[in-house]
Amino acid sequence: MNYKCLDDLKLFLSEKYSGATPGNNLEITPDICPPEMNGDITVNCFRFAKIFRKSPDEIAVESAEFLSSHPDVEKAEKVKAFVNVTLRGESVHRDTVAKMNEIMGSSILPESRKQKVLVEFSAPNTNKPQHLGHVRNNTIGMSLASLMRRVGHDVVRINLVNDRGIHICKSMIAYQRFGEGVTPESSGRKGDHLVGDFYVKFDRELRKQIGELREKNQELKDKTDEELFIQTEIGRSAQDMLQKWESGDQEVKSLWQKMNGWVFAGFAQTYARMGIEFEHTYLESQTYLLGKDLVEQGVRKGTFFKRDDGAVLVDLEDVKLGKKVLLRADGTSVYMTQDIGTTLLKYRDNTPDIQIWVVGDEQIHHFKTLFAILRKMGYKWAGNLHHLAYGMVNLPTGKMKSREGTVVDADDLFDEMVALAKSATLERIGEGKVPEDIDKRSEIIGIGAIKFNLLKFNPKTTIMFDPQASIRFEGDTGPYVQYACARINSIERKTREAGLVIKDDINWKLACSHEEKELSVRISQYRDVLRQSAEKMDCSTLCEYLLELAKAFNRFYREHSVLNADNDELKKTRLALCCRTRDVLADGLKTLTIDVPEAM
RNA sequence: GUUUCGGUAGCUCAGCUGGAUAGAGCAACGGAUUUCUAAUCCGUGGGUCGCAGGUUCAAGUCCUGCCCGAAACGCCA
């Protein structure tokens with residue numbers, strides 16, 4: 001947002017130092033004045049000093065003098081090389097919240113910078129239910145897509161489901177042996193959980209067999225579990241089943257289809273609860289053979305080379321990534337081969353400008369290699385591929401390990417948080433008057449709390465998720481922001497009941513307190529925050545901003561009353577300021593795919 | 001061994017292209033409610049920004065080296 005007095009200052013300085021080149025995009029983005037200083041906004045003169053090649057102090061003196069006599073300015077104080085400006089209430093609001101459409105609308109990028117963006121995320125395996133780690137992935141992916149869309153990009157959300165492979169065969173084998181024909185319907189168990197139960201059963205049996213092997217054969221004592229897998233009876237069965245699946249065995253395929261169906265139904269529920277949607281869902285069972293042709297073509301073109309034993313490799317020594325196998329000696333493909341294939345498939349289906357993968361940071365090397373290979377293959381769009389690597393989620397007790405039963409299940413987590421939101425609400429409003437929409441409300445608050453709690457951290461950091469701490473709805477949380485909205489909704493409701501209607505009669509001059517001005521200044525930062533977050537592909541910037549804005553509102557709320565203001569004119573002005581604040585908060589939360597309850 | 005990412009208050013984390021006396025939440029302690037929702041607000045204490053050099057008028061931020069932690073470096077996905 002542009003403040004008139006700063007635009008004028010810009011002109012004044014440019015003219016005064018006309019010998020120097022001001023640069024055509026000299027933009028003064030003011031900072032919020034620190035609380036211990038006196039003022040609304042701060043101008044940092046070090047930045048001018050670089051542009052005009054004058055001493056910061058001199059510029060600060062000139063700027064303070066100029067601003068002091070500006071009609072919009074109440075007071076301008078030079079402190080070192082900063083000028084702290086106290087603006088007249090009227091002018092702050094005139095340059096900010098009075099142009100609300102501009103603030104909300106101008107965050108949309110110009111046509112020339114809009115792009116078609118593919119965001120791939122989630123990518124679950126169909127052998128077990130989703131856990132907290134998936135929830136972080138889903139949340140980051142969904143919110144990133146939403147953020148990109150918010151600033152004007154054309155976004156396509158993609159899920160690539162790993163619906164085949166040895167892991168599914170493990171669940172299938174265990175089901176054949178221990179399942180006794182149980183179904184989600186007969187057991188009342190959610191499909192993905194039911195299948196997951198058998199995955200656990202498989203693992204238990206496998207470890208039993210590995211233990212027996214080690215006991216009987218002393219020479220196997222030092223072998224790892226992975227090395228012994230294929231030597232166990234049950235491990236071999238799973239491997240055999242995978243081969244049968246690949247050769248199209250009818251019986252195996254139909255069991256596979258049945259169990260995957262259960263899992264998909266379960267995932268659909270989990271996704272729906274999180275508000276997660278995709279434009280395209282690719283299935284690995286349909287794409288896992290892709291890439292082979294491309295690799296063979298690459299051999300003919302000389303991009304890749306064949307080793308003596310027939311395996312195909314790519315040489316990436318020039319980019320310090322060594323050599324990488326793309327086809328085994330027996331002609332079968334590896335993970336990388338598939339990813340080359342699916343990347344191309346996604347490109348052909350959607351012709352995007354950018355492709356983004358939301359995948360854990362343990363795969364940084366894999367994607368670096370993938371991108372290098374695609375560049376080597378000569379695709380010019382390969383320069384616009386981006387791996388959004390996010391860190392793992394740890395618990396206070398350490399890492400999540402499925403074997404040790406320390407995973408936090410997604411559905412359980414949702415239930416728990418929603419239940420807590422419900423009891424917190426009931427505790428506050430009293431059991432006597434349970435609102436009709438209590439369940440809907442609790443859902444919005446509980447799920448919102450989880451999402452916000454995952455988004456407020458920089459994606460690349462490994463985070464500690466403390467279930468005990470996350471159940472609180474105080475402090476830097478999603479509900480804190482939602483609560484500010486709910487308070488404003490309540491004010492709006494009550495003013496409406498009192499017959500107060502805003503027309504064109506807002507008198508911004510009246511809202512001249514520091515708290516009111518601060519709200520306006522912060523609201524005006526929204527555009528830059530959105531753009532910056534999108535640019536960095538980092539929703540935590542937006543979270544941080546929403547917390548600050550909500551905090552500024554709560555300070556205002558404590559100091560100034562809307563309903564009990566001295567006169568109607570002031571009431572309407574404050575109400576308008578509140579509603580604009582709410583609109584930004586709600587828009588921000590919506591951008592993070594977090595809903596706002598009408599009341600809390 | 002090589003590469004990547006981290007190391008900031010008791011705990012969990014912010015800190016944008018270097019700029020004011022390094023911030024927030026939680027926890028601890030002390031206050032605020034005849035007032036629009038106390039899921040709130042105000043205050044106090046709490047720091048050698050891993051260590052050591054360097055660049056700069058100015059370094060948590062940039063450069064170099066070292067220490068600690070995590071991950072990757074597969075013909076697993």
Side-chain angles (χ1 to χ4, degrees), chain A residues 29 31 34 36-37 42 44-47 49 55-57 79-82 84 123 125 162 165-167 226 284 288 307 309 311-313 320-322 324-330 332-339 360-366 368-369 389 391-392 394 396 399 421 424-425 427-429 445 449 456-458 460-466 469 472-477 479-480 482-484 486-495 498 528-529 532 535-536 538 540-541 543-544 547-548 550-551 553-565 571 574-575 578 599-600:
Chain A
T29 40
D31 298 315
E36 65 275 15
M37 295 292 177
T42 292
N44 181 343
C45 294
F46 286 107
R47 292 184 194 148
S55 89
D57 204 71
V79 180
K80 298 189 182 171
F82 295 87
N84 297 323
N125 289 353
N162 301 314
I166 191 75
H167 49 281
E226 272 163 44
E284 200 191 289
Y288 81 109
R307 205 168 51 188
D309 63 356
V312 175
L313 286 84
K320 292 181 178 142
L321 288 165
K324 173 80 191 166
V325 170
L326 298 178
L327 286 178
R328 298 187 187 96
D330 64 4
T332 56
S333 56
V334 297
Y335 177 39
M336 188 62 78
T337 323
Q338 284 179 46
D339 256 7
D361 61 5
E362 74 275 9
Q363 293 199 35
I364 287 174
H365 188 267
H366 170 78
K368 219 182 257 181
T369 310
M392 296 291 107
N394 289 336
K399 293 184 182 183
T425 307
E427 201 177 301
R428 291 180 60 251
I429 60 178
I445 297 167
K456 73 177 177 188
F457 303 109
N458 181 321
K460 70 181 168 195
T461 57
T462 302
I463 62 173
M464 236 272 284
F465 189 93
D466 185 348
R472 277 189 279 266
F473 297 125
E474 291 155 0
D476 283 349
T477 62
Y480 178 88
Q482 289 173 325
Y483 184 59
R487 276 180 148 179
I488 297 170
N489 287 342
S490 170
I491 293 173
E492 194 184 27
R493 215 164 28 240
K494 287 193 169 150
T495 46
D528 288 341
V529 169
Q532 213 180 84
E535 186 106 10
K536 292 196 294 183
D538 177 6
S540 67
T541 309
C543 288
E544 203 74 26
L547 286 169
E548 287 301 326
K551 224 174 276 183
F553 169 75
N554 279 324
R555 277 195 293 268
F556 157 82
Y557 184 89
R558 275 282 134 191
E559 288 296 317
H560 310 282
S561 177
V562 177
L563 287 167
N564 299 316
K571 283 180 197 173
R574 285 188 177 155
L575 174 62
C578 286
M600 281 175 82

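Every chain is numbered from 1 and lettered A, B, ... according to where its sequence line falls, protein lines coming before strand lines. None of these values were measured; they are calculated from a predicted model.
Between the CD atom of A:E559 and the C1' atom of B:C41 there is a distance of 9 Å, given to the nearest Å. To the nearest angstrom, P of B:U33 lies 16 Å from CG of A:N564. Summarising the geometry, the separation between CD1 on A:I429 and P on B:A38 is reported as 14 Å, rounded to the nearest angstrom. When rounded to the nearest whole Å, the span between NE2 of A:H365 and P of B:U4 equals 11 Å. Rounded to whole angstrom, the span from the CE atom of A:M464 across to the C1' atom of B:G25 amounts to 14 Å. Atom CD of A:E362 is separated from atom C1' of B:C76 by 12 Å (rounded to the nearest Å). The distance from atom CG of A:N394 to atom C1' of B:A70 is 9 Å, rounded to the nearest whole Å. Distance, A:K324 NZ to B:A72 P: 14 Å, rounded to whole Å.
A:S561 comes within 4.0 angstrom of a base, heavy atoms only. Across all strands shown, A:N458 has heavy atoms under 4.0 Å from sugar-phosphate atoms exclusively, and none from any base. A:D57 comes within 4.0 angstrom of nothing in the nucleic acid, heavy atoms only. In this structure, A:L547 reaches neither bases nor backbone, as no heavy-atom distance under 4.0 Å exists between it and the strands shown. Among the heavy atoms of the strands lying under 4.0 Å from A:V562 is at least one base atom, whether or not backbone atoms are also near. Residue A:R428 is in base contact, counting any heavy-atom pair closer than 4.0 Å across all strands shown. Using a 4.0 Å heavy-atom distance criterion, A:K456 is classed as making no nucleic acid contact. If you check every strand for non-hydrogen atoms under 4.0 Å, A:P34 touches a base. As judged by a 4.0 angstrom heavy-atom cut-off over every strand, A:T425 is placed among the base-contacting residues. Residue-level contact check: A:T42 touches the bases, meaning some heavy atom is under 4.0 Å from a base atom. Heavy atoms of A:M392 sit nowhere under 4.0 angstrom from any nucleic acid atom. Nucleic acid contact for A:A599: base, since at least one base atom lies under 4.0 Å from a heavy atom of the residue. Residue contacts for A:S490: at a heavy-atom cut-off of 4.0 Å it reaches a base atom on one of the strands shown. A:A486 comes within 4.0 angstrom of a nucleotide base, judged by non-hydrogen atoms across all strands.
B:G47 is unpaired under the criterion used here, namely a Watson-Crick or G-U wobble arrangement in which both key atom distances are under 3.5 Å. Using Watson-Crick or G-U wobble geometry with both donor-acceptor distances under 3.5 Å, B:C73 finds its partner in B:G1.
In terms of phosphate contacts, A:R558 brings a side-chain nitrogen or oxygen within less than 4.0 Å of OP1 or OP2 of B:A38. Between A:K571 and B:C36, a side-chain N or O to OP1/OP2 separation shorter than 4.0 Å is absent. Contact between the side-chain N/O atoms of A:R328 and the OP1/OP2 oxygens of B:C76 is found at a separation under 4.0 Å. Between A:K460 and the phosphate of B:A71, there is no side-chain N or O to OP1/OP2 separation shorter than 4.0 Å. Remark: A:Y483 is in phosphate contact with B:A39, judged by side-chain N or O atoms under 4.0 Å from OP1 or OP2. Dashed line: the shortest gap from a side-chain N or O of A:T461 to OP1 or OP2 of B:G7 is not under 4.0 Å.
No side-chain donor-acceptor contact under 3.5 Å links A:T42 to the backbone of A:N84. Distance alone, capped at 3.5 Å, places no donor-acceptor pair between the A:S490 side chain and the A:A486 backbone.
The same atom, P, is picked in B:U64 and in B:U4; the two are 11 Å apart, to the nearest Å. B:A38 and B:U34 have their P atoms separated by 12 Å, given to the nearest Å. Straight-line distance between the C1' atoms of B:U33 and B:A58: roughly 47 Å, to the nearest whole Å. Between the P atoms of B:C68 and B:C51, the separation comes to 15 Å (whole Å). Here the separation of B:G60 from B:A52, taken at their P atoms, is 13 Å to the nearest Å. The C1' atoms of B:G10 and B:G47 are separated by 12 Å, rounded to the nearest whole Å. Nucleotides B:U56 and B:C49 are separated by 22 Å at their P atoms, to the nearest Å. Taking atom C1' in both B:C66 and B:C13, the straight-line distance is 27 Å, to the nearest Å.
Note: A:F46 and A:F82 have perpendicular aromatic rings, judged against thresholds of 30 and 60 degrees for the angle between ring planes.
At a cut-off of 3.5 angstrom, counting only N and O atoms as typed in the model, there is a donor on one side and an acceptor on the other between the side-chain of A:N84 and the base of B:A20. Remark: the A:T541 side chain and the B:A14 base include no donor-acceptor N/O pair separated by less than 3.5 Å. With hydrogens and angles left out, the side chain of A:R487 and the base of B:U37 share no donor-acceptor pair within 3.5 Å.
Toward the 5′ end of RNA chain B lies the nearest nucleotide of A:R493, the other residue of the pair A:R493 and A:E226 mapping further downstream.
Counted within 6.0 Å of CD on A:E535, heavy atoms from surrounding residues, nucleotides or ligands total 12 or fewer; the atom is thus considered open.
Listed nucleotides: B:A24, B:C36, B:G19. Nearest to the side chain of A:Y557: B:C36.
Of the residues A:L327, A:L326, A:V325, the one that meets the side chain to side chain contact (heavy atoms under 4.5 Å, CB included) test with A:L313 is A:V325.
Heavy-atom minimum distance, A:Q338 versus A:Y288: CG-O, 3.3 Å.
B:A39 has no stacking from A:Y480 on its base ring, since the centres under 5.5 angstrom apart and planes within 30 degrees of parallel are not both found. With centroids closer than 5.5 Å and planes inclined by less than 30 degrees as the test, A:F46 and the base of B:G19 pass as a stacked pair.
Both the sub-6.0 Å distance and the 45° axial angle are not jointly satisfied by A:R487 relative to the ring of A:F553.
Between A:N489 atom CG and A:E492 atom CD the span is 6.5 Å, to the nearest 0.5 Å.
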